[in-house]
Amino acid sequence: MVTCLKKIFNHYFKRRNSYFHRKLILDDLTGIWNSEKFIHETENIIKKSSKEYILVFIDIDNFKYINGSYGYEFGNLVLVDLADKINKQLEYCGYFCRYGADRFLILLEKSIAGRFACNIQDIPEYIVHYEMDHMKYIKIPLKFGICPINDSNRNEPVQKLIDCANIAMRSIKGMHNQCAAYYSEELKKQRRMEIDIIHRMDYALANGEFCVFLQPKYSIHTEKIVGAEALVRWIHPVEGSLSPALFIPIFEKNGFIVHLDFFVYEEVLRYMQNCIRERRRIFPIALNVSRTHVDNNDFVERLISLVDRYQVPHEMIELEVTESAFSAETSALLNMIEKLKKAKFLISIDDFGTGYSSLNLLKDVPVDILKIAREFLIQTEESEASRIIIEEVVHMAKRLNIHTICEGVENKTQVEFLCNIGCDMAQGYYYSKPMPLQDFQSKYQMDGSDCNK
Ligand code: C2E
Ligand code: CA
């Protein structure tokens, strides 16, 4: 009897211990290793061996949209499925874990990483589409940050190596044409600069380091100015003029773009109000609208109230929404554009031809102007196919009553090509570089100016 009870207790404690053991090392949702177990094992593996490894940081781009649009339950399904797919890809030759939320880590020997690197490119393909109700397909894009591990860094704490892989991954977040990046010294420098920018941004805005430039837009046929685009400049006391390409993506990530954009809008509106008061000639001015604004429910109301405070007619304001903004879940964006359109602002799709979106977009979005990307224009110099595509885009836009403008126009040949295919407007160094507001006023808005080039 006693032996029998002992057996039952032993069995019970074994099961209980194994339950607690599993809880300690496994992730509740996916059943794969949790981060503590992974870090512990990685520490043992890389420090005891002289082999080279790679540490891969995986993250789902825009996972919050998946959760937000389809619900947490569906989000969880995606995570479980992804864990399963990574498992199958690795075929037992690497270690991996869920690193919280929508992030996963993989440790692989470098000698077999080549094979996995090929597979890595395939993973996004595998999970690109989830069938919903046999009708809808959802894109689940993945980003991979890779930190090589060798004698130079194997004694670093594993957490630091994970941070490096994370930096590599973050360097390509939001870029739709790149899914993997390696950590490097260059990236480390970039990261340092990113941190410096973040530390200084509030001070810079409060102390007048940001200013607005205007770049004119010309009618291709009359060769006269028809409008302008507002472009922000950061005049850094040490670094000089910083390119927006450097700081805008950082501000889009951390949300500061909302403050910066409204600063730009207010500068432009104050300038336009003065021009109106001084009875100068005014042109529509285009403002860039970051994708980040879509998540702020009060964006449209805030913009309208600002424009009205400066008594600028809504039709004199054009809002440029970048085409890549349409790559993610679009219903909130469409809703925002409809409200802006109803308020009589002009709407243009910026960088047309560089993003994911299809021509189908034009059917759903009430746009006034298509702004053809510089990259697209450059391709026309080499490729007959690109020339045909741009020409057809311009024709189609015309039939849909949408005006067309091409950006980044730098030479006469490009102007002639655009003129021949019937493009309405152009913007670029051929006509003028962006310039400070005062210079713009002197050049284009003095009394009696014929506003020619
Ligand atoms: P974008 O909206 O596509 O603006 C056009 C960019 O092309 C500007 O760069 C402009 O200076 C440059 N550009 C104009 N003509 C030419 C040309 O002929 N050749 C070449 N190579 N480049 C030309 P910039 O000012 O550096 O701005 C870069 C991007 O930063 C802009 O691209 C826009 O997406 C963003 N950005 C700039 N200002 C703002 C802003 O106030 N708010 C927001 N949200 N984004 C802004
Ligand atoms: Ca623009």
Side-chain angles (χ1 to χ4, degrees), residues 174-175 197 201 204-205 209-218 220 225 227-236 240-269 271 284-296 299 303 306 317-325 333 336 346-355 367-381 404-415 418 425-437 439-440 453:
M175 292 183 189
I197 285 179
M201 61 191 191
L205 187 58
E209 290 181 14
F210 290 103
C211 65
V212 177
F213 275 37
L214 291 179
Q215 185 178 34
K217 300 181 179 188
Y218 276 75
I220 293 181
I225 181 172
E229 176 182 7
L231 294 159
V232 73
R233 294 289 176 265
W234 184 348
I235 316 294
H236 194 284
S241 179
L242 296 179
S243 160
L246 209 63
F247 56 84
I248 297 276
I250 299 174
F251 295 163
E252 285 186 331
K253 262 191 258 169
N254 70 11
F256 186 72
I257 192 69
V258 174
H259 304 295
L260 186 62
D261 270 354
F262 272 95
F263 162 79
V264 172
Y265 301 167
E266 189 152 9
E267 287 289 291
V268 169
L269 291 165
Y271 172 80
I285 296 192
L287 307 171
N288 284 290
V289 177
S290 161
R291 173 75 176 81
T292 319
H293 295 301
V294 181
D295 300 327
N296 294 332
F299 172 74
L303 180 70
L306 191 68
I317 300 294
E318 179 183 328
L319 299 164
E320 294 192 3
V321 183
T322 175
E323 188 200 46
S324 60
L333 182 61
M336 182 184 95
L346 296 167
I347 308 292
S348 62
I349 298 186
D350 204 358
D351 300 321
F352 192 81
T354 54
V367 290
D368 301 288
I369 300 151
L370 257 192
K371 196 165 185 188
I372 297 164
R374 175 170 176 265
E375 293 87 328
F376 210 170
L377 178 68
I378 288 172
Q379 285 168 21
T380 61
E381 283 164 17
T404 44
I405 179 167
C406 193
E407 66 175 17
V409 176
E410 291 184 345
N411 57 54
K412 184 87 188 145
T413 319
Q414 290 171 336
V415 175
L418 292 169
M425 293 167 281
Q427 179 184 352
Y429 297 167
Y430 175 76
Y431 296 97
S432 167
K433 287 200 167 178
M435 62 185 87
L437 298 178
D439 295 359
F440 185 86
K453 195 186 147 210

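For ligands, and for the atoms within them, numbers begin at 1 and follow the listed sequence.
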Go through ligand 1 atom by atom and flag the ones less than 4.0 Å from a non-hydrogen atom of [X].
X    : answer
D351 : 3 (O)
E229 : 2 (O), 4 (O)
R374 : 19 (N), 20 (C), 21 (N)
D350 : 2 (O)
D261 : 40 (C), 41 (O), 42 (N), 43 (C), 44 (N)
P434 : 11 (O)
E410 : 17 (C), 18 (O), 19 (N), 20 (C), 21 (N)
V264 : 41 (O)

Using salt bridge (charged side-chain N to carboxylate O under 4.0 Å, His left out) as the criterion, list what pairs up with [X], not counting sequence neighbours.
X    : answer
E267 : R270
E252 : none
E410 : R374

Give the residue and atom name of whichever protein heavy atom lies nearest to [atom], and the separation in Å to one decimal.
atom                    : answer
atom 5 (C) of ligand 1  : E407 OE1, 4.0 Å
atom 46 (C) of ligand 1 : I248 CD1, 3.6 Å
atom 15 (N) of ligand 1 : Q215 NE2, 3.0 Å
atom 12 (C) of ligand 1 : Y429 OH, 4.3 Å
atom 38 (N) of ligand 1 : V232 N, 3.1 Å
atom 34 (O) of ligand 1 : N288 OD1, 4.6 Å

Keeping to distances under 3.0 Å, can you name the protein N/O/S atoms close to the Ca ion (ligand 2)? E229 OE2, N288 OD1, E320 OE1, D350 OD2
So do K371 and Q427 actually touch side chain to side chain, heavy atoms under 4.5 Å? yes
Supply the atom-to-atom distance [X] [atom1] to [Y] [atom2], rounded to the nearest 0.5 angstrom.
X    : Y    : atom1 : atom2 : answer
I405 : F352 : CD1   : CZ    : 14.5 Å
E229 : E407 : CD    : CD    : 7.0 Å
Q414 : K412 : CD    : NZ    : 12.0 Å
D368 : I347 : CG    : CD1   : 6.5 Å
I349 : E320 : CD1   : CD    : 11.5 Å
W234 : F251 : CH2   : CZ    : 4.5 Å

Closer than 4.0 Å and a protein heavy atom, does any atom meet both conditions relative to [atom]?
atom                    : result
atom 25 (O) of ligand 1 : yes
atom 32 (O) of ligand 1 : no
atom 17 (C) of ligand 1 : yes
atom 9 (O) of ligand 1  : no

Look at atom 27 (O) of ligand 1 and find which of A373, P244, P249, S243 reaches it with the closest heavy atom. P244
Shortest heavy-atom approach to atom 37 (C) of ligand 1 - which of L231, L246, V409: L231
Scanning both residues in full, the closest heavy-atom pair of I235 with C211 reads CG1-SG, 4.0 Å
Where F440 and I225 come nearest, the two heavy atoms and their spacing: CZ-CD1, 3.7 Å
Do the ring planes of Y431 and Y218 sit parallel (below 30°), tilted (30 to 60°) or perpendicular (above 60°)? parallel
Parallel under 30°, tilted from 30 to 60°, perpendicular over 60°: which one fits the rings of Y265 and H293? tilted
Going through the distances and angles, do V258 and T292 end up as a side-chain contact (heavy atoms from CB on, under 4.5 Å)? CA-CA 7 Å; V258 174; T292 319; 4.3 Å; yes
Test item, K371 contacting ligand 1 (heavy atom, 4.0 angstrom): no
Aromatic ring centroids of F256 and F263 under 6.0 Å? no
